[in-house]
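For reference, the structure discussed in these notes is given below.
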Amino acid sequence: MAISAAPYICSMKELMTIEKPALFSFRECLWFLDRGYDDCLFRIHDQQLTRFILLDGKPILFRISDAGNSLAVHLLHGSVSDHQLPLLRNHIMDWFDMNKDLSPFYALLQRDKKLQYMPKDFEGLRLISITDLFEALCWSIIGQQINLTFAYKLKRRLVEAFGTALTYEDHTYHLFPSPEKLRSLSVEDLRPLQYSQSKAKYLIGIAQAFAEKKLSYEMLAALKDFNAMQQALIAHKGIGVWTANYVLMKTMRVPNAIPYGDVGLLKALETHEIIKERNETEKIERFFKKYKGWEAYLVFYLWRSLAPPVFQTK
DNA sequence: AACCAGGCTGCGC
DNA sequence: GCGCAGCATGGT
């Protein structure tokens, strides 16, 4: 499937601007999205972010850029009617968690001797979400037990083979494949892309569950209770505690969905000398208790800490 | 070249 | 319920 967009000169239409809340840094957010991995679901260049999505079921290509006190959103392909504008605005604000007041979290960090550098060094970094539950589940299954460089390669192969592509001004943008598309595949279709037997099986199984409406965002969100949501996910093959918690954290920002055992999290806890050994689970739980309500953000900021601050070289 | 990767399942106890 | 082998393959 391919869509080609006519490369009109000056075809970009400004759809809207979105006012930046306090403690919001587009630059910090871009740093996270562009931290050295090859993500095929958006493109960043010249401090601008371009992405291809389905809005209200219709494909659009849009670009976000920094406009001082606000973000500017331009339309590059497709159309957005007046009544769809709020949908796009909500999509972007949810993606960057722009409705949240971070000051209580920063107050907690400031009280912590080992982490009190974070509010300044990472100021305005938001917990950037994966806006689609199916994509989030597939992505976390792909990423299980392999390094991220390889995981992004696997994702790209899947998306390029089975997703919808759109070429605009010499760059190709992609939609993540639909559950209906992935459910139609067999394990043999994914083996040449270097998916393991089990990863292939899990992905197809999850796609089936979505296509048959046995699992959906709405279904999960309706549960409210964290344990119930976790169990609803773990019931599916290929989803364990880590995956369930990672996905709940990245799609819904469920604060107590801590991906315990995550190697990145453990590494960060070690470098901050919060733990000495990776098996000190009680110590980790005690540590997280100090951040009640902000656990997901804490994990995100600890991941952020694994790389140098974006402003360091400036 | 060994050891590690943003783990999970299935088995034996 | 808990521990552990096996998985499967690229990165460093």
Side-chain angles (χ1 to χ4, degrees), chain A residues 31-41 125 127-130 132-161 176 186-209 215 227 230-272 274-275 277-282 284-285 288 295-307:
Chain A
W31 175 88
F32 177 79
L33 291 173
D34 199 26
R35 76 211 124 113
Y37 295 109
D38 174 37
D39 199 315
C40 56
L41 296 179
L125 173 66
L127 205 178
I128 296 160
S129 79
I130 300 174
D132 181 76
L133 176 64
F134 176 63
E135 178 195 324
L137 280 166
C138 292
W139 169 233
S140 53
I141 288 169
I142 290 170
Q144 287 167 4
Q145 186 55 23
I146 59 174
N147 66 68
L148 277 180
T149 306
F150 183 43
Y152 278 103
K153 266 187 202 168
L154 288 181
K155 181 167 90 166
R156 179 177 282 282
R157 287 176 193 152
L158 185 78
V159 167
E160 288 182 349
F176 194 79
S186 64
V187 171
E188 289 70 42
D189 293 321
L190 293 173
R191 291 292 291 146
L193 310 189
Q194 284 174 290
Y195 280 69
S196 69
Q197 199 83 22
S198 40
K199 271 195 208 305
K201 219 163 48 186
Y202 300 155
L203 286 180
I204 294 165
I206 297 296
Q208 231 155 36
L215 186 56
N227 287 315
Q230 197 187 48
Q231 288 312 310
L233 289 172
I234 289 176
H236 298 269
K237 290 277 181 242
I239 303 176
V241 174
W242 176 84
T243 304
N245 288 7
Y246 174 87
V247 164
L248 290 173
M249 170 187 161
K250 287 288 283 184
T251 59
M252 301 181 179
R253 300 187 184 81
V254 176
N256 47 346
I258 304 166
Y260 286 117
D262 178 87
V263 293
L265 173 59
L266 292 171
K267 201 186 299 171
L269 291 172
E270 281 176 335
T271 59
H272 287 86
I274 291 158
I275 58 169
E277 303 291 333
R278 295 194 170 191
N279 57 9
E280 297 175 84
T281 53
E282 284 177 26
I284 297 172
E285 281 174 31
F288 271 101
E295 296 94 329
Y297 257 91
L298 180 57
V299 171
F300 199 70
Y301 270 56
L302 285 168
W303 282 340
R304 170 65 178 88
S305 75
L306 296 172

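Note on A:Arg191: a side-chain N or O is less than 4.0 Å away from OP1 or OP2 of C:dT9.
Distance CG (A:Asn245) to P (B:dG7): 13 Å, rounded to an integer number of Å. Note: CG (A:Leu306) to P (B:dA5) measures 11 Å, nearest angstrom. Spacing between atom OH of A:Tyr152 and atom C1' of C:dT9 amounts to 19 Å, rounded to whole angstrom units. Regarding A:Glu270, its CD atom lies at a distance of 13 Å from the C1' atom of B:dC4, rounded to whole Å. For the pair A:Phe150 CZ and B:dG7 C1', the computed distance is 15 Å after rounding to whole Å. Rounded to an integer number of Å, the gap from A:Leu203 CG to B:dG7 P is 16 Å. In this structure, A:Ile141 atom CD1 and C:dA8 atom C1' are separated by 16 Å, rounded to whole Å. Taking atom CD of residue A:Gln197 and atom C1' of nucleotide C:dT9, one finds them 14 Å apart after rounding to whole Å.
In terms of modelled atom types and a separation under 3.5 Å, the side chain of A:Lys199 and the main chain of A:Gln144 share a donor-acceptor contact. Between the side chain of A:Tyr202 and the main chain of A:Ile239, no donor-acceptor pair closer than 3.5 Å is present. Remark: the backbone N or O of A:Leu127 is paired with a side-chain donor or acceptor of A:Arg253 at under 3.5 angstrom. The main-chain N or O of A:Phe32 is found under 3.5 Å from a side-chain atom of A:Arg35 such that the two form a donor-acceptor pair. Without hydrogens or angle criteria, A:Lys250 side chain to A:Asn245 main chain gives no donor-acceptor distance under 3.5 Å. No donor-acceptor distance shorter than 3.5 angstrom exists from the side chain of A:Tyr260 to the backbone of A:Val241, with no hydrogens or angles considered.
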**OP:** Do nucleotides 8-13 of chain B as a string where each nucleotide becomes B, S or -: B if the base has a protein heavy atom under 4.0 Å, S if just the sugar-phosphate does, - if no protein is that close.
**Re:** SSS---
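Ring orientation note: the planes of A:Phe134 and A:Phe176 are nearly perpendicular, at an angle over 60° on the 30°/60° scale. Under the 30°/60° scheme for interplanar angles, the aromatic rings of A:Tyr297 and A:Phe300 are found to stand perpendicular.
Counting any heavy atom pair closer than 4.0 Å across all strands shown, A:Arg35 reaches a base atom.
Of all heavy-atom pairs between A:Asp262 and A:Leu265, the closest is OD2-N, 2.8 Å.
If you check residues 250-268 of chain A against DNA chain B, the residues with a heavy atom closer than 4.0 Å are A:Asp262, A:Val263, listed by number.
Across the P atoms, B:dC3 and C:dA5 are found 15 Å apart, a figure rounded to whole Å.
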